[in-house]
Amino acid sequence: MPLALVDCNNFYVSCERVFNPKLEGVPVVVLSNNDGCVVSRSNEVKALGLKMAEPWFKVEKLAKQHGIIALSSNYALYGDLSARVMSILSTFTTRQEIYSIDECFLDLDGFDPQSLIAYGQTIRKTIKRNIGIPVCIGIADTKTLAKLANYCAKKQLAGENSVCDFGQLNEMQMSELFSGITAAEVWGVGPRINQKLRAMGIKTIEDLRTATPDKIRNQFSVVLERTINELNGFPCIELEDAETPRQQIMVSRSFGSSVTALEDLIESVAYFATRAAENLRQDGSVAASVCVYIRTSPFKETNQQYQQSKVVPLIRPTDDTMKLVGAALQGLKAIYRSGFYYKKSGVLLLGLQAKETLQATLFDDPASLAKSARLMSTMDAINQKMGAGSLTLAASGIQHRWAMRRENKSPNYTTNWDELPIVK
DNA sequence: ATGCTCCTGCGAA
DNA sequence: CTAACGTTCGCAGGAGCAT
């Protein structure tokens, strides 16, 4: 029955600290793509009151006065460290669900209920020693409660040493604890639902937990009804330890500065479609249609606004980069209008299905399908061996004038030999 | 009345 | 110096349409 939720502390900042000890003990933030918003903060930064998701340009001056170090995000590094953390965590259980880049659930069914805290401490020490990343652990009988226990561990509201097991608390202690936390902290309660709950007088987790599920279902949805049941210890959300292939793949980026020329948009769309196609082949899927979109910046209110998207169906579902890029560019040309300052473009692959289960049709040309498959696996092999982007379509361009800002990125310490710092 | 697809809203990290 | 505000995914539920 019991589950653990393991969550890495300030994950991106912690990853940077593993390879740069000078960042230890000082205020550090990691910015989102395009150096746009604050997405990871060290404890020192949280103590200064800097908020999550704050646009960097708004706080940059103040942050620098406090000596805050701002790093561009380095997803190659975070992804690699995440895989290592997850791999070690998998050895502590028979069933693991990787929920996000820095979180996973572990099934602790069958363990001695009295020894779970000690087990949690062992897990923490192992991750810290083997990878260098600090984690918090919440343990309870449902996913929603495990998330909450994790929150309590992190905030030191219950449990100790970053591990909190709700199994150790009695009814009284639970309701006292829940009376002191706002409903907004519950997994599944976002800003909108929280606002509506408050208007109904439901302010704390205890208020939410003791609400009538039927009424909540009518006023909100079946999702929130399940949340209430989960808060009361009745599991409604299964552990999903089997990986399911994605249903859609999206690659989009804001540009470093705005773009007006069709040529630049073509480059970016070809580039994003190429990335999307690589992800698609990794999943072993094919796409039935491609959606392309472009937009101006909604924050530049004085500029003329324009946003448009177009879905281009494919004659036959495919994972061929050239066909996918071709469809994306066809869509782009249909929606492009001159005279706007474009700030973002993106490509979505839709109608995904497993490549093996794809039905053959009367009009298939087996020879050309085989040729496409060989070409794609050759491209992937070359890029695998020589580094990402070694072999690309000319349509993706070389200059990338639209490339995102990334002014302070750390080296790819674990995924690129050329970026290893040389110790002399 | 039922079932499908498409689209929007919401939440999550 | 100026301009500068993320990305990707899934689910629920309603609209619209066909049967």
Side-chain angles (χ1 to χ4, degrees), chain A residues 5-12 29-41 51-61 63 70 72-73 75 78-79 82 97-105 143-144 147 150-151 183-197 216-227 236-238 240 243-259 272 275-276 279-280 283 285 288-289 291 293 295-303 309 311 313 341 343-352 404-407:
Chain A
L5 177 73
V6 184
D7 189 323
C8 301
N9 301 347
N10 319 333
F11 183 56
Y12 298 169
V29 297
V30 172
L31 304 178
S32 65
N33 276 333
N34 217 22
D35 292 345
C37 298
V38 173
V39 290
S40 182
R41 303 162 297 160
K51 280 185 290 181
M52 183 67 171
E54 193 76 26
W56 178 239
F57 79 92
K58 283 189 179 175
V59 292
E60 182 174 3
K61 214 173 158 191
S72 304
S73 40
Y75 285 105
Y78 313 147
S82 171
E97 174 184 340
I98 298 174
Y99 178 69
S100 74
I101 194 166
D102 75 328
E103 279 179 59
C104 78
F105 291 99
K143 282 179 159 184
T144 305
K147 290 279 281 185
N150 189 283
Y151 171 83
E185 300 299 339
V186 173
W187 190 39
V189 176
R192 307 294 273 273
I193 290 175
N194 187 238
Q195 203 177 10
K196 195 167 157 192
L197 284 172
I216 292 294
R217 183 181 185 141
N218 285 334
Q219 300 268 325
F220 296 87
S221 70
V222 67
V223 182
L224 199 60
E225 184 191 22
R226 283 200 280 256
T227 297
C236 301
I237 308 173
E238 287 293 301
E240 289 168 36
E243 279 181 53
T244 50
R246 281 175 289 184
Q247 299 169 24
Q248 55 174 241
I249 291 173
M250 150 113 98
V251 178
S252 71
R253 291 285 178 278
S254 298
F255 303 137
S257 52
S258 43
V259 151
F272 299 151
R275 296 284 88 76
N279 295 338
L280 184 70
D283 279 11
S285 303
S289 60
C291 176
Y293 78 90
R295 67 171 310 157
T296 53
S297 171
F299 301 107
K300 270 281 203 178
E301 286 169 24
T302 49
N303 280 0
S309 68
V311 176
Y341 291 98
K343 189 62 177 145
K344 186 175 184 178
S345 72
V347 172
L348 277 95
L349 304 183
L350 303 164
L352 306 195
M404 66 179 176
R405 277 193 310 281
R406 238 183 159 183
E407 289 184 357

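Each chain gets a letter, A, B and so on, in the order the sequences are listed, and its residues count up from 1. What you see is a predicted model, and the numbers here were worked out from it, not measured in a lab.
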- request: Measure from NZ or CZ of A:Lys300 to the centre of the six-membered ring of A:Tyr341 and say whether it is under 6.0 Å with the direction within 45° of the ring axis.
  value: no
query: Is there a donor-acceptor pair under 3.5 Å between the side chain of A:Lys343 and the backbone N or O of A:Arg295?
result: no
query: Which parts of nucleotides 4-15 of chain C does protein reach within less than 4.0 Å, heavy atoms only, written one letter per nucleotide 5' to 3' as B for base, S for sugar-phosphate only and - for none?
result: BBSSSSSSSS--
message: If we ignore hydrogens and angles and just use 3.5 Å, is the side chain of A:Ser345 paired with the main-chain N or O of A:Tyr293 as donor and acceptor?
response: no
task: Supply the atom-to-atom distance A:Asn33 CG to A:Ser73 OG, rounded to the nearest 0.5 angstrom.
output: 4.5 Å
- prompt: Looking at CG of A:Leu224 and CG of A:Asn218, how far apart are the two atoms once the value is rounded to the nearest 0.5 Å?
  reply: 12.0 Å
task: Measure up the A:Tyr99 and A:Trp187 rings against each other and bin them: parallel (under 30°), tilted (30 to 60°), perpendicular (over 60°).
output: perpendicular
message: Under 4.0 Å, counting only non-hydrogen atoms across every strand here, what does A:Val186 touch: a base, just sugar-phosphate, or nothing?
response: sugar-phosphate
- line: When rounded to the nearest 0.5 Å, the distance separating NZ of A:Lys51 from CZ of A:Arg41 is 10.0 Å
field: Contact interval (first through last nucleotide) of DNA chain B with protein chain A, 4.0 Å heavy-atom
entry: B:dC10 to B:dA13
query: How far does the C1' atom of C:dG6 sit from the matching atom of B:dA12, given to the nearest Å?
result: 14 Å
message: Please classify the nucleic acid contact of A:Tyr99 as base, sugar-phosphate, or nothing, using heavy-atom distances under 4.0 Å.
response: sugar-phosphate
message: Can a donor-acceptor pair be found, under 3.5 Å and without considering hydrogens, that links the side chain of A:Glu54 to the backbone of A:Val38?
response: no
